[in-house]
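In what follows, a single structure is set out as structure tokens and then discussed.
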Amino acid sequence: MTTEPQPTRPQDEPGSEAVSDSASEASLRRSVARSEQIWADLEHHPSRYRMLTGDRPTGHLHLGHYFGSLRNRVALQDQGVDTWVLIADYQVITDRDSVDSIQERVFSLLTDYLAVGIDPARTTIFAHSQVPALNQLLLPFLSLVTDAELRRNPTVKAEQEATGGRPMTGLMLTYPVHQAADILFCKANVVPVGKDQLPHVEQTRVVARRFDERYGRAGDGSAPVFPAPDALLSEVPNLLGTDGQKMSKSRGNVIELRMSADDTARAVKKAVTDPHRHITYDPVGRPEVSNLVLLASLTTGRDPHAVAEEIGDGGSGALKRVVTEAVNEHLAPLRARRAELEADPAELRRVLAAGNAHAHEVAEATLAEVREAMQMVYS
């Protein structure tokens, strides 16, 4: 059954907020349960899954990306999952007036991907703008959603609220549908996301379902053109920036993977702590100190409480020395590999060209199925 917009929005009705919250909680529980099933099945049947994820090249990748997603991508790849990584260059212009430095940032992302262990022999790495058939799917997909549905998407709503009266671009409004095209063009059936991104996966499921119901199926008609993808949830460490605020490239409070050991030491030295000398791991009561303890824990594989206890009365100075040493030691192999890759830009271009070619081939095949299902084949 399709989820069509209702004449009256539920939140306009008395008592509907509680109903809406209850429905959201139930949906979250279903997503969590389904994700747990997939994780369990992945151990035994990784070849059943095709995973798509990616990044917008709006800046350089940092430790938040590394611990939040990059390591997980490598683990899934190594487990045998068919892995696809998108460099979403077109999505840079959803909310920006310029594409300054975009080429440099695209290749910086690619360099980081390869340096952390993403293997182009097993993972398809490609750029949005280089796969026309992917983007062409946006047209039929837009016929399957309404303006109201798009405006209710959390990402679109947040952008609308943050514009300060500035008109929102059409590309920003249709961002959820573009993401659906990213996922569905290669028929990915799992998408690693945080809980706040579940609405994007649900929107993609709606698009896949409505396409089947409205336009039909290609080939022998035994299966829909598009699978309904599932969200793959995992625990992501809540790393703050060096200023104790949310980690953000625009804030300048991140430790980038491309930084030198000395740059890292300077960034950690400026990190915010608190006046208490004794070091403890208390994320609620002492978020800034605990953030540094967590960083040492993640880079050494040790329990954060044990890290804090070992530092004890050493104060913030000792804590920062431990963090600097741990981060630099952990990232040393990555940085060495990164330097090798940067010295061979021709190889970087070859890797991206190969990924683009594979994505183009798959997208063209999917678009042919779409045209057949929509009875738009004329030769």
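The figures here come from the full heavy-atom set of this structure, side chains too, leaving out hydrogens, waters and symmetry mates.
Considering only heavy atoms from C-beta on, H65 comes within 4.5 Å of H62 through its side chain. Between R30 and S27, the closest side-chain pair of non-hydrogen atoms falls below 4.5 Å. Residues P229 and L184 are in side-chain contact: their nearest non-hydrogen atoms beyond the backbone lie under 4.5 Å apart. Two residues are said to be in side-chain contact when any heavy atoms from C-beta on lie closer than 4.5 Å; T300 and V322 fail this criterion. Residues W84 and V362 form a side-chain contact, since some pair of their non-hydrogen atoms from C-beta on lies under 4.5 Å apart. Proximity of P237 to L298: side-chain heavy atoms (C-beta onward) are separated by under 4.5 Å at one or more points.
In this structure, T123 contributes its side chain and P120 its backbone to no donor-acceptor pair below 3.5 Å. Not a single donor-acceptor pair under 3.5 Å links the side chain of T174 to the backbone N or O of V177. A donor-acceptor pair under 3.5 Å links the side-chain atoms of K320 to the main chain of A271, judged by distance alone. Under the 3.5 Å distance criterion, the side-chain polar atoms of D112 are left unmatched by any main-chain donor or acceptor of R258. Listed for the S143 side chain is no donor-acceptor partner under 3.5 Å among the backbone atoms of L139. T273 places no side-chain N or O within donor-acceptor distance of the main-chain N or O of V289, the cut-off being under 3.5 Å. Without hydrogens or angle criteria, Q77 side chain to D119 main chain gives a donor-acceptor distance under 3.5 Å. Side chain of T111 to main chain of F107: a donor-acceptor pair is present (N/O by atom type, distance under 3.5 Å, no hydrogens or angles).
With sequence neighbours excluded, the residues that form a side chain to side chain contact (heavy atoms under 4.5 Å, CB included) with N291 are L239, L240. Partners of N153 by side-chain hydrogen bond (donor to acceptor under 3.5 Å, both in side chains), not counting sequence neighbours: none found. For E342, the side-chain hydrogen bond (donor to acceptor under 3.5 Å, both in side chains) test picks out R338, with sequence neighbours left out. D196 meets the side-chain hydrogen bond (donor to acceptor under 3.5 Å, both in side chains) test with no other residue; sequence neighbours excluded. Residues forming a side-chain hydrogen bond (donor to acceptor under 3.5 Å, both in side chains) with E288 (at least two apart in sequence, or on another chain): none.
Applying the side chain to side chain donor-acceptor pair (under 3.5 Å) rule to pairs touching residues 360-376 yields K187-E369, sequence neighbours excluded. A ring pair (Phe, Tyr, Trp, His ring centres under 6.0 Å) check over residues 225-276, counting only residues at least two apart or in different chains, returns the pairs F141-F226, F211-F226. Listed by first and then second residue, the ring pair (Phe, Tyr, Trp, His ring centres under 6.0 Å) pairs involving residues 235-262 amount to none (not counting sequence neighbours). Sorted by first and then second residue, the side chain to side chain donor-acceptor pair (under 3.5 Å) pairs involving residues 222-242 (not counting sequence neighbours) are R34-D230, R205-D230, D220-S222.
For H128 and D182, the side-chain atoms include at least one donor-acceptor pair closer than 3.5 Å.
The pair D89-R105 does not meet the salt-bridge criterion, since no charged nitrogen lies less than 4.0 angstrom from a carboxylate oxygen.
Other residues sharing a hydrophobic cluster with V190 under the 4.5 Å side-chain heavy-atom criterion for ILVMFWY residues are I38, W39, L42, Y49, M51, L76, V81, L232.
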All N/O donor-acceptor pairs, side-chain side in residues 303-313, below 3.5 Å, sequence neighbours left out:
from : atom 1 : to   : atom 2 : distance (Å)
D303 : OD2    : H305 : N      : 2.9
D303 : OD2    : A306 : N      : 3.3
E310 : OE1    : R302 : NH1    : 3.4
E310 : OE1    : R302 : NH2    : 3.0
D313 : OD1    : H278 : ND1    : 2.6

All N/O donor-acceptor pairs, side-chain side in residues 263-270, below 3.5 Å, sequence neighbours left out:
from : atom 1 : to   : atom 2 : distance (Å)
D263 : OD1    : R266 : NH2    : 2.5
D263 : OD2    : S260 : OG     : 3.2
T264 : OG1    : S260 : O      : 3.0
T264 : OG1    : R335 : NH2    : 2.5

